[in-house]
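Worksheet: one structure, shown below.
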Amino acid sequence: MSDGLVAGLHIVATPIGNLGDLSPRAADTLRRADRILAEDTRITGKLLRHIGAKVPMTRYDDHSSEEDRQRVVAQLGDQAIALVSDAGTPLISDPGYKLVRAARAAGHTVHTVPGPSAATAALTLAGLPTDRFLFLGFLPAKAKAREDAIGEVADVRATLVMYESGLRLGSTLATLAERLGARDAAVAREISKLHEECVTGTLPDLAQRYADAAPKGEIVVIVAPATQAACATDEELDDALDEALGRLSPSRAAAEVAERLNIPRKRAYARALERAK
Ligand code: SAM
């Protein structure tokens, strides 16, 4: 039986770099849990040693089966079971939502101990609007799928937040610049660690900076929302292009209109070619 901790599932956020960010309540919950479900028991083992907790751990990750889940759910009636991920808030680009659903469906209580998450921490560094944001997690690894995913959110009037690896950062920023235009953006790296930094600039500037210089460490990319002009309708775009095409070549007209309406040059150019026919 749990040491005073109410039975059920306890979702516990852990630090994303600085162990000092583990909240007293998170530490207390981990110490008093009957069992801890961890993505990687070696990583969580270090955290437990840091807080002097000796609690049995079971692996729970993306490969856990329905059977594994039901085994956990069967124990929740009389045990306090904590779920952690390697770092940050479980379920945020990490395993857990199926377990939360299954636990609740079986009538067990689910508690959360909120804490660090790289997505919200990066938003606090970027200096971009935070009243509306869209979390995209990791974009698809394949170039075409990534381009499509970015295209899908091009007109969304919310700050975009995505996780990225150093190796892919340059090509992701290049695609973002091509599809979203010269929006303000930020690359937040190694948050709460020794080499924490947040580099800000327009998407083309950042794409150039990281083109041949893959940074080390963990990264969140933040991109400013589409502006009203960036959401220019096809009709508005056509009117502007028709006027510009009377004076300029399709490529120059597209460049001028793209800048004026603050839309991606690619969109203006494709339309300019159509209109020029
Ligand atoms: N659940 C975690 C959370 O709440 O932040 C995220 C897990 S996801 C598998 C890991 C990704 O989060 C990393 O690849 C990186 O993009 C981002 N990340 C995690 N820690 C970070 C840090 N200290 N600084 C910047 N990004 C970080």
Side-chain angles (χ1 to χ4, degrees), residues 9-23 25-27 29-30 36-44 46-47 50 59-64 82-101 110-128 130 133-142 146 149-150 153 159-173 175-176 185-201 206 209-210 213-223:
L9 183 63
H10 298 255
I11 310 298
V12 181
T14 59
I16 56 169
N18 188 325
L19 287 176
D21 293 339
L22 186 76
S23 75
R25 187 171 159 234
T29 302
L30 293 177
I36 295 171
L37 304 178
E39 269 188 282
D40 184 330
T41 53
R42 283 164 308 178
I43 291 178
T44 300
K46 281 189 202 150
L47 181 70
H50 173 73
R59 194 180 177 105
Y60 184 86
D61 60 19
D62 279 334
H63 305 292
S64 297
L83 173 73
V84 297
S85 56
D86 287 349
T89 300
L91 281 83
I92 308 300
S93 285
D94 267 335
Y97 89 90
K98 288 182 184 163
L99 182 60
V100 167
R101 236 163 53 164
V110 180
H111 309 270
T112 193
V113 182
S117 183
T120 47
L123 275 166
T124 66
L125 289 173
L128 291 170
T130 51
F133 59 87
L134 178 62
F135 177 60
L136 299 171
F138 289 96
L139 293 175
K142 294 206 170 124
R146 200 164 5 143
I150 293 168
V153 298
T159 293
L160 306 175
V161 183
M162 58 213 94
Y163 289 159
E164 193 46 278
S165 72
L167 277 181
R168 269 207 300 262
L169 180 66
S171 67
T172 293
L173 287 168
T175 311
L176 285 165
V187 174
R189 199 172 67 84
E190 294 289 87
I191 300 168
S192 78
K193 302 184 198 176
L194 187 62
H195 298 293
E196 172 179 303
E197 69 172 8
C198 182
V199 179
T200 58
L206 291 173
R209 175 181 175 132
Y210 291 108
K216 291 208 172 79
E218 301 195 277
I219 292 160
V220 184
V221 178
I222 310 270
V223 181

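All ligand and atom numbering here is 1-based and tracks the order in the structure. Worth saying up front: this structure is predicted, and the values here are computed from it rather than measured. Here, residue 1 is the first one in the sequence, and each next residue gets the next number.
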- Message: Does F133, at its CZ atom, have more than 12 non-hydrogen atoms belonging to other residues, nucleotides or ligands within less than 6.0 Å?
- Response: no
- Message: To check your reading of the model: name the closest protein heavy atom to atom 18 (N) of ligand 1, its residue, and the distance in Å.
- Response: A118 CB, 3.4 Å
- Item | Side-chain touch E164/S171, heavy atoms, less than 4.5 angstrom | no
- Message: Under 4.0 Å from a heavy atom of K193: which atoms of ligand 1 are those, numbered in the order shown and with their elements?
- Response: 23 (N)
- When you look at L37 and L99, which way does the side-chain contact (heavy atoms from CB on, under 4.5 Å) test go after all the steps? CA-CA 11 Å; L37 304 178; L99 182 60; 3.5 Å; yes
- Query: When you look at CZ of R101, are more than 12 heavy atoms from neighbouring residues, nucleotides or ligands closer to it than 6.0 Å?
  - Reply: no
- Which residue and non-hydrogen atom of the protein lie closest to atom 4 (O) of ligand 1, and at what distance in Å? S117 OG, 2.8 Å
- If you measure from each non-hydrogen atom of E190 to ligand 1, which part falls under 4.0 Å: side chain, backbone, both or neither? backbone
- Message: For L22 versus A13, what's the shortest heavy-atom pair and its separation?
- Response: CD1-O, 4.1 Å
- Task: Using a 4.0 Å heavy-atom cut-off, say whether I191 meets ligand 1 through its side chain, its backbone, both or neither.
- Result: both
- Query: Which residue holds the protein heavy atom closest to atom 16 (O) of ligand 1, what is that atom called, and what is the gap in Å?
  - Reply: I219 O, 2.6 Å
- Identity and separation of the nearest protein heavy atom to atom 20 (N) of ligand 1: E218 OE1, 3.3 Å
- Message: I want to know if ligand 1 touches I92 in the polar sense, i.e. an N/O pair below 3.5 angstrom.
- Response: yes
- Within a reach of under 6.0 Å around NZ of K98, are more than 12 heavy atoms found that belong to other residues, nucleotides or ligands? no
- Of the backbone atoms (N, CA, C, O) and the side-chain heavy atoms from C-beta on, which set of A87 has a member under 4.0 Å from an atom of ligand 1: side chain, backbone, both, or neither? backbone
- Query: Is the shortest heavy-atom distance from the side chain of V221 to the side chain of T172 under 4.5 Å?
  - Reply: no
- Query: Looking only at distance, does R189 have an N or O less than 3.5 Å from an N or O of ligand 1?
  - Reply: no
- Item | Protein heavy atom at shortest distance from atom 7 (C) of ligand 1 | D94 OD2, 3.2 Å
- Task: Please determine if I16 has a nitrogen or oxygen closer than 3.5 Å to a nitrogen or oxygen of ligand 1.
- Result: yes
- Message: Is there a side-chain contact (heavy atoms from CB on, under 4.5 Å) between I150 and L160? Walk through the geometry before answering.
- Response: CA-CA 10 Å; I150 293 168; L160 306 175; over 6 Å; no
- Task: Could you tell me how the ring of Y163 sits relative to the ring of F135: parallel (under 30°), tilted (30 to 60°) or perpendicular (over 60°)?
- Result: perpendicular
- Do M162 and V223 come close enough that some side-chain heavy atom pair is under 4.5 Å? yes
- Message: At less than 4.0 angstrom from any non-hydrogen atom of E164, what atoms of ligand 1 do you find?
- Response: 16 (O)
- In terms of atom number and element, which parts of ligand 1 are under 4.0 angstrom from non-hydrogen atoms of G88? 3 (C), 4 (O)
- Message: Does the residue S93 have a heavy-atom contact with ligand 1, meaning some pair of atoms that are separated by less than 4.0 Å?
- Response: yes
- Looking only at heavy atoms, the pair that brings L47 and P15 closest together is CD1-CD, 4.3 Å
- atom 10 (C) of ligand 1: nearest protein contact (heavy atom, Å): F138 CZ, 3.9 Å
- Message: Below the 3.5 angstrom mark, is there an N/O of T89, backbone or side chain, next to an N/O of ligand 1?
- Response: yes
